[in-house]
Amino acid sequence: MIRTLFIVLVLALLILFFIRDKVERDPLQKDFLTGTADPLPDGFYKGTSPSFSVGNWLGKEFKAEEKTGFNVFTRGGSRNLEYPFTMHVTKGARDEALSVIKIDYNRPENPWYLRFFAYDEIVRLSDGRYLGKIQIEVIRGVPFTIGWFWQEKE
């Protein structure tokens with residue numbers, strides 16, 4: 001049993017390293033490195049992702065003054081605010097020379113897996129859009145970039 005769990009964990013980590021390498025070789029990485037962490041977004045920003053099917057995710061609602069926000073979904077024909085977050089400027093987890101806006105989901109309202117393993121990093125590009133990285137840490141201090149998303153003021 002322990003051997004099987006060990007093998008599954010090793011395979012999962014290998015897959016994550018492969019995904020991280022592929023995502024960070026994407027041309028969007030070059031764009032990401034040109035971004036800035038100023039200003040903090042404020043208001044609703046429509047979200048799209050070239051990495052994932054976004055389904056019923058509409059984007060994010062940011063409150064710059066409070067440094068908080070929510071993901072916005074459509075469910076049953078109405079807009080719902082889910083997965084609250086805080087945001088702050090910090091160095092990039094994988095891009096340490098770059099200041100990014102970290103979107104931190106470690107809040108008691110969120111599911112445990114989101115609280116402890118996931119966060120986003122966004123930067124503002126010269127065209128006013130925000131480009132984001134979806135990050136997970138299954139091992140504390142070892143970030144895996146697993147996808148990209150765009151945030152555009154609506």
Side-chain angles (χ1 to χ4, degrees), residues 9 11-75 79-125 128-154:
L9 178 62
L11 288 174
L13 287 173
L14 288 172
I15 290 167
L16 285 172
F17 277 112
F18 173 77
I19 291 169
R20 179 176 80 180
D21 184 58
K22 182 178 183 226
V23 169
E24 290 186 354
R25 283 188 287 119
D26 189 291
L28 289 175
Q29 175 67 19
K30 189 175 183 181
D31 293 337
F32 190 82
L33 294 174
T34 68
T36 65
D38 185 51
L40 292 177
D42 193 41
F44 177 72
Y45 282 72
K46 180 182 177 192
T48 57
S49 175
S51 301
F52 297 101
S53 169
V54 294
N56 58 358
W57 179 63
L58 300 176
K60 294 182 188 300
E61 180 73 37
F62 295 95
K63 297 179 183 178
E65 191 172 307
E66 298 170 19
K67 297 183 179 177
T68 62
F70 291 87
N71 281 278
V72 181
F73 292 86
T74 180
R75 299 205 198 280
R79 288 171 60 123
N80 294 303
L81 303 178
E82 300 177 24
Y83 309 119
F85 57 81
T86 57
M87 59 181 166
H88 63 276
V89 175
T90 188
K91 296 297 177 191
R94 297 274 307 149
D95 307 299
E96 295 175 3
L98 181 67
S99 290
V100 301
I101 302 166
K102 182 176 181 179
I103 296 175
D104 188 351
Y105 295 103
N106 190 2
R107 296 183 51 139
E109 309 93 315
N110 288 327
W112 66 270
Y113 54 86
L114 189 61
R115 291 177 58 202
F116 297 112
F117 299 112
Y119 57 93
D120 299 326
E121 293 178 344
I122 61 173
V123 293
R124 185 175 188 269
L125 301 182
R129 294 183 300 166
Y130 287 84
L131 177 58
K133 284 185 170 186
I134 304 163
Q135 306 275 38
I136 62 170
E137 284 188 13
V138 291
I139 299 171
R140 188 60 61 190
V142 182
F144 292 94
T145 305
I146 62 168
W148 297 99
F149 64 94
W150 291 99
Q151 299 285 175
E152 189 168 359
K153 186 75 170 171
E154 192 168 74

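Predicted model, so just to flag it, every value in this text is computed and none were measured.
Thr36 has its side chain out of reach of Ser99: every pair of non-hydrogen atoms, C-beta onward, lies at least 4.5 Å apart. Taking the side chain as every heavy atom from C-beta outward, Lys60 and Ile103 approach each other to under 4.5 Å. Annotation: side chain of Tyr105 is not in contact with side chain of Pro111 (no heavy-atom distance under 4.5 Å). Contact check for Phe149 versus Asp120: side-chain heavy atoms found under the 4.5 Å cut-off.
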Trace of the side-chain contact (heavy atoms from CB on, under 4.5 Å) decision for Val72 with Leu81: CA-CA 5 Å; Val72 181; Leu81 303 178; 3.6 Å; yes
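Rounding to the nearest 0.5 Å places OG1 of Thr90 at 10.0 Å from CD of Glu96. Of the inter-residue distances, the one linking Glu82 atom CD with Asn110 atom CG reads 10.0 Å to the nearest 0.5 angstrom. From Arg107, atom CZ reaches atom OG1 of Thr68 across 6.5 Å, with rounding to the nearest 0.5 Å. Note: Asn71 CG to Phe85 CZ = 6.0 Å, rounded to the nearest 0.5 Å. Rounding to the nearest 0.5 Å places CZ of Phe144 at 8.5 Å from CZ of Arg94. Distance check: Asn106 CG to Arg115 CZ gives 5.5 Å after rounding to the nearest 0.5 Å.
Within a 6.0 Å radius of NZ in Lys153, more than 12 heavy atoms belonging to other residues, nucleotides or ligands are found.
Between the side chain of Asn56 and the main chain of Arg75, no donor-acceptor pair closer than 3.5 Å is present. Not a single donor-acceptor pair under 3.5 Å links the side chain of Arg124 to the backbone N or O of Ala37.
Taking each heavy atom of Trp150 and Pro50 in turn, the nearest pair found is CD1-CD, 4.1 Å. The shortest heavy-atom contact between Pro41 and Met87 is O-CE, 3.8 Å.
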Compile the donor-acceptor pairs under 3.5 Å between side chains in residues 128-136 and protein atoms, sequence neighbours left out, one pair per line.
{"residue": "Arg129", "atom": "NE", "partner": "Asp127", "partner atom": "OD2", "Å": "2.9"}
{"residue": "Arg129", "atom": "NH2", "partner": "Asp127", "partner atom": "OD2", "Å": "3.1"}
{"residue": "Tyr130", "atom": "OH", "partner": "Pro39", "partner atom": "O", "Å": "2.5"}
{"residue": "Lys133", "atom": "NZ", "partner": "Gln29", "partner atom": "OE1", "Å": "2.9"}
{"residue": "Lys133", "atom": "NZ", "partner": "Asp95", "partner atom": "OD2", "Å": "2.6"}
{"residue": "Gln135", "atom": "OE1", "partner": "Thr145", "partner atom": "N", "Å": "3.2"}
{"residue": "Gln135", "atom": "OE1", "partner": "Thr145", "partner atom": "OG1", "Å": "2.7"}
{"residue": "Gln135", "atom": "NE2", "partner": "Glu121", "partner atom": "OE1", "Å": "3.2"}

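In summary, of the residues considered (Asp38, Asp31, Leu98), a side-chain contact (heavy atoms from CB on, under 4.5 Å) with Val123 occurs for Leu98 alone. For the ring-ring contact (aromatic ring centres under 6.0 Å, His included) test with Tyr83, the passing option among Trp57, Phe73, Phe70 is Phe73; the others fail.
For an aromatic pair to be called close, the ring centres must be under 6.0 Å apart, and Phe62 with Tyr45 satisfies this.
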